[in-house]
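Within every chain, numbering begins at 1; the chains are lettered A, B, ... in the order of the sequence lines, protein sequences first and strands thereafter. Quick caveat, the model's predicted, so the values are computed rather than measured.
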Amino acid sequence: MEGIRLIEVKEEIQADNTAKAEALRNRLRKHKTCLLNLMSSPGAGKTTVILKTIEALRNGLRISVIEADIDSMVDAEKIAQAGITAVQLRTGGFCHLDASMVEKGLEGLDLASLDLVIIENVGNLVCPAEFDTGAIKNAMILSVPEGDDKPLKYPLMFTVCDVLLINKIDYLGIADFDVHAVRERVVRLNPGITIFEISSKTGEGIGEWTQWLQRAVDEVRFS
Amino acid sequence: MHELPVTESILKIVLRYAPAEGVKRIVRIFLEVGELSDLEDEWIQHYFDYLSKGTVAENAQLVIQRTPITFQCEACAHVFEIRREALHDLQCPECGNTGCNLVSGKGYYIKNMEVV
């Protein structure tokens, strides 16, 4: 065709979000507040893990939660019942949180008086891996009933996380799940990841996980 | 899944170029998408067709090229490409070490566009 010319663009499509996320991280560090982004499939146990984490750390830390849900308030109500401020973000069909949505959630919180904010991201292993939320630490939960093939199916998610919580280990033996294989698959994708085996039901492993989180929060608090 | 917000960003970026460059119509937009990033090419185009109605980008064709996944070995620093299907067997082809970190293969990038 005549008159067609080429214009160089050379732009990252997510550049806006990445810049917002970076600005958010700087603001959090200034307030000495740690932001943890927790991701998983639906039903892996995000809300229960958050409740157990709060229970373990609430004596020493001031904690709030941002709950992302496509269109319900169920999770936020559970957190509020535990006496913790929970901000509900209705994503209105969106499958993930991005930095602007998190910023909106933080508007309802006083960062200066918080040590830790936990984001419960939307339940899925695809979209949340693509969008930087501005979190200082990223964690994901893989529960035993989901199967040990998830690192093969959703490799990106496993490469963006600092921590993997293998939850519902009380199901080991009932479900066909090879913990050793999962560990090997995940460490191959992300050698820097820390893995904890936990059960929100029996409390197993929760102590090790919350000690790790306490250290992560302290790094931000005393920096 | 997340095709809609990605498409919105694409449109926003290309329309930003239009006035300064005297663009009458955008014909094709060349995108690069990392092999690790899940994205349905067909849906991106559907969303784009819908969102771009009435703009200079209306009817533009999105040409999506996949960019390879690369990892770097922690032991010998060798950088290598790997196909997504081969990730279960990820190891350094030079030294056989299994500790390798992701270097590239995710994200979305607009390379250039054809305009009249």
Inset, instruction - Could you grab the distance from atom CE of Met113(B) to atom CD1 of Ile4(A), nearest 0.5 Å is fine? - result: 13.0 Å
Inset, instruction - Enter the distance from Leu90(B):CG to Leu189(A):CG here, rounded to the nearest 0.5 Å. - result: 6.0 Å
Inset, instruction - Let me know if Arg16(B) has heavy atoms under 4.5 Å from chain A in its side chain, its backbone, both or neither. - result: side chain
Inset, instruction - To the nearest 0.5 angstrom, please state how far the CD1 atom of Ile7(A) sits from the CD atom of Glu114(B). - result: 10.5 Å
Legend entry - Minimum side-chain heavy-atom gap Arg188(A)-Cys100(B) below 4.5 Å: no
Inset, instruction - Would you indicate whether the side-chain heavy atoms of Pro5(B) and Asp98(A) approach each other to under 4.5 Å? - result: no
Inset, instruction - To the nearest 0.5 angstrom, please state how far the CZ atom of Arg185(A) sits from the CG atom of Asp89(B). - result: 11.0 Å
Legend entry - Option passing side chain to side chain contact (heavy atoms under 4.5 Å, CB included) with Leu156(A) (candidates Ile69(B), Leu36(B), Asp38(B)): Leu36(B)
Legend entry - Between Glu130(A) and Ser37(B): side-chain donor-acceptor atoms closer than 3.5 Å: yes
Inset, instruction - Can you measure from CD (Glu32(B)) to CD1 (Ile13(A)) and round to the nearest 0.5 angstrom? - result: 10.0 Å
Inset, instruction - Tell me, yes or no, whether the heavy-atom count around Glu42(B) atom CD, taken from other residues, nucleotides or ligands under 6.0 Å, exceeds 12. - result: no
Legend entry - Toward chain A, the part of Val23(B) with a non-hydrogen atom under 4.5 Å: both
Legend entry - Heavy-atom check, side chain of Phe158(A) versus side chain of Leu102(B), under 4.5 Å: no
Inset, instruction - Check whether any side-chain N or O of Tyr17(B) sits under 3.5 Å from a backbone N or O of Val9(A) as a donor-acceptor pair, and report yes or no. - result: yes
Legend entry - Lys12(B) side chain reached by Asp16(A) side chain, heavy atoms, under 4.5 Å: yes
Legend entry - Side-chain touch Glu11(A)/Tyr109(B), heavy atoms, less than 4.5 angstrom: no
Legend entry - Rounded distance [0.5 Å steps], CZ in Arg5(A) versus CD in Glu21(B): 6.0 Å
Inset, instruction - Please examine the side chains of Gln14(A) and Tyr108(B), heavy atoms only from C-beta on, and report whether any two atoms are closer than 4.5 Å. - result: yes
Legend entry - Greater than 12 external heavy atoms within 6.0 Å of Tyr50(B)'s OH: no
